[in-house]
Amino acid sequence: MNQNHLQEYDFSGRVALVTGGTRGIGRQIAFRLGQAGAKVVVNYRSNQVAADSTIAEFRKAGMNCMAVAADVSNQQEVLRLVAETEDRMGPIDLLVNNAGVFDYLNHAELDAERWRHTMETNVDSMFYCTWAVKDKMIERQFGRVVNITSIAGLEAKPYAIAYATSKAAMIGFTRSAGHAFASHNVRVNAVAPGLIDTEILADVEQDVLQQLIDRTPAGRIGTVDDVASLVLFLLSEQADYISGQTMVVSGGRVTLP
């Protein structure tokens, strides 16, 4: 875990909840928030070993943090997650909806069960988590939400129809919720990563990976810190006039109009 960042932001006193926060992009976002002084809650579904390792590393770095197991595709579990966070850390100021699943399937392999699982994990969880915190954010006149979507939501993905649809839905949710909450000083934005060096790439064949790199103008795979840096900016007061937006982190591979 890279600890050599310039401390550009100060989240001291803020409570941050990161779903899917024990690995990959979510873990780096949580780590950077902790570095910047936030009280961090990392959510995970079932991997206790990863959760223990994450919290041990964060605490070794001097962070105020905890891990909470919850299936965020289940509304009741989300309500429990939020209640436990508020009880132990305080009201949630910063929410990062990062939990998600990805299936690489052609249309013949995609069935109703996999479709439903993808939507519940990627879209429903975002709605449940945002709705569990937004009323108190509005009451306090302060809240920051960032949704981790994907460039798959901006492109045709014939081998990932359910995933691409779910990520496009996240972009639509971000646009409308950002508009709805902005007058209450509650900002909602999204980050759409491209090719990022996470555990997902372990299953990608080398020739396919090289083709993706060749299609990326920056000529490299992105890092989790490339994504985390933008997320922290959107959560910070430097982004005070930004809401309802989706920002792409793809090395120039996909650009918005």
> Any side-chain heavy-atom pair from S250 and R215 closer than 4.5 angstrom?
Replying inline: no

>> Within this structure, what is the SG-CD distance for the pair C65 and E57, rounded to the nearest 0.5 Å?
In response: 10.0 Å

>> Under the ring-ring contact (aromatic ring centres under 6.0 Å, His included) definition, can you give me all pairs with a residue in residues 175-233, not counting sequence neighbours?
In response: W131-F181

> Would S236 and F11 satisfy side chain to side chain contact (heavy atoms under 4.5 Å, CB included), going step by step from the backbone distance to the final call?
Replying inline: CA-CA 8 Å; S236 78; F11 294 105; 4.0 Å; yes

> For Q28 and A228, which heavy atoms make the closest approach, and how far apart are they?
Replying inline: CG-CB, 3.8 Å

> Short question: side chain of S150, backbone of A152 - any donor-acceptor pair under 3.5 Å?
Replying inline: yes

>> Donor-acceptor check, side chain of D10 to backbone of S12, threshold 3.5 angstrom: yes or no?
In response: yes

> Who are the ring pair (Phe, Tyr, Trp, His ring centres under 6.0 Å) partners of Y128, not counting sequence neighbours?
Replying inline: none

Would you mind writing out the side-chain donor-acceptor pairs for residues 188-201 within the sub-3.5 Å range, not counting sequence neighbours?
| from | atom 1 | to | atom 2 | distance (Å) |
| --- | --- | --- | --- | --- |
| N189 | OD1 | G244 | N | 3.2 |
| N189 | OD1 | Q245 | N | 3.0 |
| N189 | ND2 | I242 | O | 3.0 |
| T198 | OG1 | I200 | N | 3.4 |

>> Starting from L95, can I reach L234 by hopping between I/L/V/M/F/W/Y residues whose side chains sit under 4.5 Å apart?
In response: no

> Quick one: do V41 and F58 end up in the same hydrophobic cluster if we chain Ile, Leu, Val, Met, Phe, Trp and Tyr together by side-chain heavy atoms under 4.5 Å apart?
Replying inline: no

> Does a donor on one side chain and an acceptor on the other come within less than 3.5 Å for Q211 and D207?
Replying inline: no

> Can you check whether M66's main-chain N or O pairs, donor with acceptor, with R59's side chain at less than 3.5 Å?
Replying inline: no

> Are R187 and F142 in a cation-pi contact, defined as NZ or CZ under 6.0 Å from the six-membered ring centre and within 45° of the axis?
Replying inline: no

> When clusters are formed by joining ILVMFWY residues with side-chain heavy atoms under 4.5 Å apart, either directly or through shared neighbours, do Y44 and M89 land in the same one?
Replying inline: no

> Would you say the side chain of R32 lies within less than 4.5 Å of the side chain of S229, judging by non-hydrogen atoms?
Replying inline: yes

> Does atom CZ of R45 have more than 12 heavy-atom neighbours, drawn from other residues, nucleotides or ligands, at distances under 6.0 Å?
Replying inline: no

>> Could you measure the distance from the CE atom of M170 to the CG atom of N97? Nearest 0.5 Å is fine.
In response: 6.5 Å

>> Would you say that E155 contacts R253 through its side chain, given a criterion of any heavy-atom pair below 4.5 Å between the two side chains?
In response: yes

>> Who clusters with V254? Use side-chain heavy atoms, under 4.5 angstrom, across I, L, V, M, F, W and Y, and order the result by chain and number.
In response: I151, L154, I171, V248, L256

> Do T223 and D225 have side-chain atoms, one donor and one acceptor, less than 3.5 Å apart?
Replying inline: no

>> Applying salt bridge (Lys or Arg N to Asp or Glu O under 4.0 Å) as the test, list every pair that has at least one member in residues 175-185; sequence neighbours left out.
In response: none

> So, do R23 and T54 sit near enough that their side-chain heavy atoms are less than 4.5 Å apart?
Replying inline: no

>> Going by the rule ring pair (Phe, Tyr, Trp, His ring centres under 6.0 Å), which residues pair with Y159 if we only count those two or more places apart in sequence or in a different chain?
In response: Y104

Could you give the side-chain donor-acceptor pairs of residues 80-87 under 3.5 Å, partners two or more places apart or in another chain?
| from | atom 1 | to | atom 2 | distance (Å) |
| --- | --- | --- | --- | --- |
| R80 | NH1 | A69 | O | 3.3 |
| R80 | NH2 | A69 | O | 2.8 |
| R80 | NH2 | E77 | OE1 | 3.2 |
| E84 | OE2 | R88 | NH1 | 3.3 |
| T85 | OG1 | L81 | O | 2.9 |
| E86 | OE1 | K136 | NZ | 3.0 |
| E86 | OE2 | K136 | NZ | 3.4 |

> Any side-chain heavy-atom pair from M137 and V145 closer than 4.5 angstrom?
Replying inline: yes

>> Once side-chain hydrogen bond (donor to acceptor under 3.5 Å, both in side chains) is applied, do any residues pair with T121, and if so which ones, sequence neighbours excluded?
In response: none

>> My understanding is that only residues two or more places apart in sequence, or in another chain, count here; which of them pass side-chain hydrogen bond (donor to acceptor under 3.5 Å, both in side chains) with R220?
In response: D226

> Passes side chain to side chain contact (heavy atoms under 4.5 Å, CB included), I25 versus I29? Steps please.
Replying inline: CA-CA 6 Å; I25 291 171; I29 292 168; 3.6 Å; yes

>> Quick test of your reading: applying side chain to side chain donor-acceptor pair (under 3.5 Å), list the pairs with at least one residue in residues 162-174, sequence neighbours left out, ordered by first then second residue.
In response: N122-S166, N147-T174

>> Can you give me the closest heavy-atom contact between S243 and G178, atom names plus distance?
In response: OG-O, 3.2 Å

> L94 versus V18: any side-chain heavy-atom pair under 4.5 Å?
Replying inline: no

> Is a donor on one side and an acceptor on the other found under 3.5 Å between the side chain of N98 and the backbone of T19?
Replying inline: yes

> Between T22 and R27, does any side-chain donor sit less than 3.5 Å from a side-chain acceptor?
Replying inline: no

>> Just to verify, what does R140 make a side-chain hydrogen bond (donor to acceptor under 3.5 Å, both in side chains) with, not counting sequence neighbours?
In response: D93

>> Show the nearest heavy-atom pair for residues A99 and G20, with the distance to one decimal.
In response: CB-N, 3.9 Å

>> Applying salt bridge (Lys or Arg N to Asp or Glu O under 4.0 Å) as the test, list every pair that has at least one member in residues 114-133; sequence neighbours left out.
In response: none

> Are the side chains of N64 and V40 in touch, meaning some heavy atoms are under 4.5 Å apart?
Replying inline: no

> Nearest heavy-atom pair of N43 and A70: which atoms, and what distance?
Replying inline: ND2-O, 3.1 Å

> Measuring from L235:CG to L33:CG, what's the distance to the nearest 0.5 Å?
Replying inline: 6.0 Å

>> Please give me the minimum heavy-atom distance between M119 and A162, naming the atom from each residue.
In response: CE-O, 3.4 Å

>> Please give me the minimum heavy-atom distance between R144 and E237, naming the atom from each residue.
In response: NH2-OE1, 2.9 Å

> Taking K39 for the side chain and V15 for the main chain, is one N or O donor matched with an acceptor at less than 3.5 Å?
Replying inline: no

> Taking side chain as C-beta onward, heavy atoms only, is I148 less than 4.5 Å from V231?
Replying inline: yes

